[in-house]
Structures are given as structure tokens and as C-alpha cells.
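The model shown is predicted, which means the values in this text are computed figures rather than measured ones. All ligand and atom numbering here is 1-based and tracks the order in the structure.
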Amino acid sequence: MEKTLVLLKPSCVQRQLIGEILNRFERRGLRIAGLKMMQLDDAILREHYSHLADKPFFPTLAASMQVSPVVALALEGIDAVQVVRTMTGATNGRAAAPGTIRGDYSVSNQQNIVHASDSPENAAIELKRFFRPEEIFEYTSGAREYIYGADEC
Ligand code: UDP
Ligand code: MG
């Protein structure tokens, strides 16, 4: 089954929304395969946001990601990347649809609560960036047969 990386950003941690956002993913039916708190350094942020290194907002973005630890999540489900991106909403919280995480908890283009991988290819790369293999757990969710139909997985 597909896995994706989510980071609960300092905007989430500082506003004491960790439990609330984590609850959304659990409630949806995604399995938590990995979960840890991390203080991000310059090197991992340069790598993680390498596609944005030339943008004028990169310095403030990198600083905003180091204000406190983040919570890294490895979430699993059928089409987990797309399911989680849809839950996340548009990058700019002011444009994000109500009902999405960003649309419900943010009004900023930068302090937008969560990071979520944008493709299965990037999810695989990003999961390796934030988790060692032994930090990803392959237990079976007890609720699995009530989360998916018998012919879905
Ligand atoms: N970001 C920003 N200003 C912008 C665009 C993006 O500060 O004009 C930040 C924002 O926190 C965003 C992150 O850079 O989540 C990564 O940008 P990306 O385009 O990958 O958006 P995402 O995939 O997070 O929706
Ligand atoms: Mg992105």
C-alpha cells in the first residue's frame, strides 16, 4: 500500500494543533506507519525545499521551519499521496477550501500547518529523508477490513 510523508510544521506545533491534525488523518482511515518529533537543520531544509532555493521567500520559509520541532508522519493507505494532498488543500491558506486542513486552520501562504508529499515518487524520496527504515512500522491496522472493501486491497 502507498505511503506518504507529512510534516506538522512549527505553525501547527506552536499553535498546539498536533493532536487535532493527527486526529484528522486517523479519522479518515490512514494508518500511522511512522511518527516522530524532529528539529530540522539547514541541510535537511535545503534538500527538502531544493525546488524553492531560488525563491525570495526561501530564507523566511527555512527560518519558519526551525522555530520549533516538527512532527514527521509516515501515513499509509490506498492512494495515500493523493488522499493526503486533497485533505491538505491549496498552498496558500487564504485560498484553500474550507474542509481542508489549510482551509480550516490557516490564512497564510507560508505558515500553512502541514507539508505533504506531492507525488508517489517524491513521497518515497521524502520518507527516506525523514525516517530510517526501522522507524517505519508494517503492523496491520485492526480496523482495516472496515476501512477498505475486501476487493480493494
Ligand atoms: N511557500 C511560501 N511562499 C510562497 C509559496 C510557498 O512561503 O509563495 C512555502 C509554504 O510554506 C509551502 C512551502 O513553501 O508549503 C512549499 O511550497 P510548495 O510550492 O511545494 O507548496 P506545497 O506543496 O506545500 O503546497
Ligand atoms: Mg510542495
Side-chain angles (χ1 to χ4, degrees), residues 1-138 147-148:
M1 228 185 269
E2 192 167 271
K3 291 188 184 69
T4 190
L5 176 85
V6 167
L7 300 177
L8 305 185
K9 296 181 174 186
S11 49
C12 176
V13 174
Q14 290 287 330
R15 290 173 57 197
Q16 305 194 164
L17 292 171
I18 294 172
E20 201 152 321
I21 305 303
L22 195 54
N23 184 36
R24 289 194 164 212
F25 293 123
E26 276 201 294
R27 222 170 47 187
R28 186 77 193 270
L30 292 152
R31 185 178 74 81
I32 299 174
L35 187 162
K36 66 173 173 177
M37 191 169 254
M38 303 171 72
Q39 179 65 47
L40 303 183
D41 62 20
D42 289 336
I44 199 167
L45 283 166
R46 266 199 305 273
E47 199 178 293
H48 187 61
Y49 286 130
S50 59
H51 61 297
L52 302 172
D54 299 335
K55 301 283 186 193
F57 60 81
F58 180 79
T60 59
L61 171 61
S64 75
M65 292 296 289
Q66 294 178 299
V67 162
S68 72
V70 302
V71 176
L73 305 173
L75 299 178
E76 185 187 74
I78 297 175
D79 300 330
V81 170
Q82 175 253 307
V83 167
V84 170
R85 281 292 284 196
T86 304
M87 290 175 76
T88 296
T91 303
N92 187 335
R94 294 189 291 279
T100 65
I101 292 168
R102 287 166 171 170
D104 286 350
Y105 294 94
S106 71
V107 285
S108 168
N109 203 12
Q110 184 162 89
Q111 304 281 26
N112 56 6
I113 310 292
V114 286
H115 164 83
S117 304
D118 63 7
S119 67
E121 296 71 29
N122 283 338
I125 293 166
E126 293 180 353
L127 284 164
K128 282 201 187 75
R129 181 174 298 143
F130 289 91
F131 287 95
R132 294 194 299 270
E134 66 270 24
E135 292 174 327
I136 303 281
F137 295 88
E138 297 298 342
I147 290 172
Y148 295 113

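Phe137 contributes atom CZ, which lies 12.5 Å from atom CD1 of Ile32 (distance to the nearest 0.5 angstrom).
Lys9 contributes no side-chain N or O that, together with a main-chain N or O of Ser64, makes up a donor-acceptor pair within less than 3.5 Å.
For ligand 1, the atoms closer than 4.0 angstrom to any heavy atom of Arg85 are 22 (P), 23 (O), 25 (O). Remark: ligand 1 atoms within the under-4.0 Å shell around heavy atoms of Asn112 are 10 (C), 11 (O), 12 (C), 15 (O). Near Leu52, the atoms of ligand 1 lying under 4.0 angstrom from a non-hydrogen atom of the residue are 14 (O), 16 (C), 17 (O). The atoms of ligand 1 that sit less than 4.0 Å from any heavy atom of Lys9 are 10 (C), 11 (O), 12 (C), 15 (O).
The option with the heavy atom closest to atom 24 (O) of ligand 1, from among Arg102, Lys55, Met65, is Arg102.
Each of Ile113, Asn23, Leu8 was compared with Leu17 under the side-chain contact (heavy atoms from CB on, under 4.5 Å) criterion, and only Ile113 meets it.
Protein heavy atom nearest atom 20 (O) of ligand 1, with residue, atom name and distance: His51 NE2, 3.2 Å. Scanning all protein heavy atoms for the shortest distance to atom 25 (O) of ligand 1 gives Thr91 OG1, 2.5 Å. Of the protein's heavy atoms, Gln110 NE2, 2.8 Å lies nearest to atom 7 (O) of ligand 1. Protein heavy atom closest to atom 1 (N) of ligand 1, with residue, atom name and distance, is Phe57 CE1, 3.4 Å. The closest protein non-hydrogen atom to atom 14 (O) of ligand 1 is Leu61 CD2, 3.3 Å.
Across Leu40 and Gln66, no two heavy atoms sit closer than the pair O-NE2, 3.1 Å. A pairwise comparison of heavy atoms in Tyr148 and Ile78 identifies OH-N, 2.9 Å as the closest pair. In plain terms, the two heavy atoms of Met87 and Arg24 that are nearest each other are CE-O, 3.6 Å.
Note: no N/O pair closer than 3.5 Å links Gln111 and ligand 1 by distance alone.
The side-chain heavy atoms of His48 and Phe130, taken from C-beta on, include a pair separated by under 4.5 Å.
Using a 4.0 Å heavy-atom cutoff, Asn109 is listed among the residues neighbouring ligand 1.
Legend: residues meeting side chain to side chain contact (heavy atoms under 4.5 Å, CB included) with Glu2, ordered by chain and number and at least two apart, are Ala80, Val81, Pro120.
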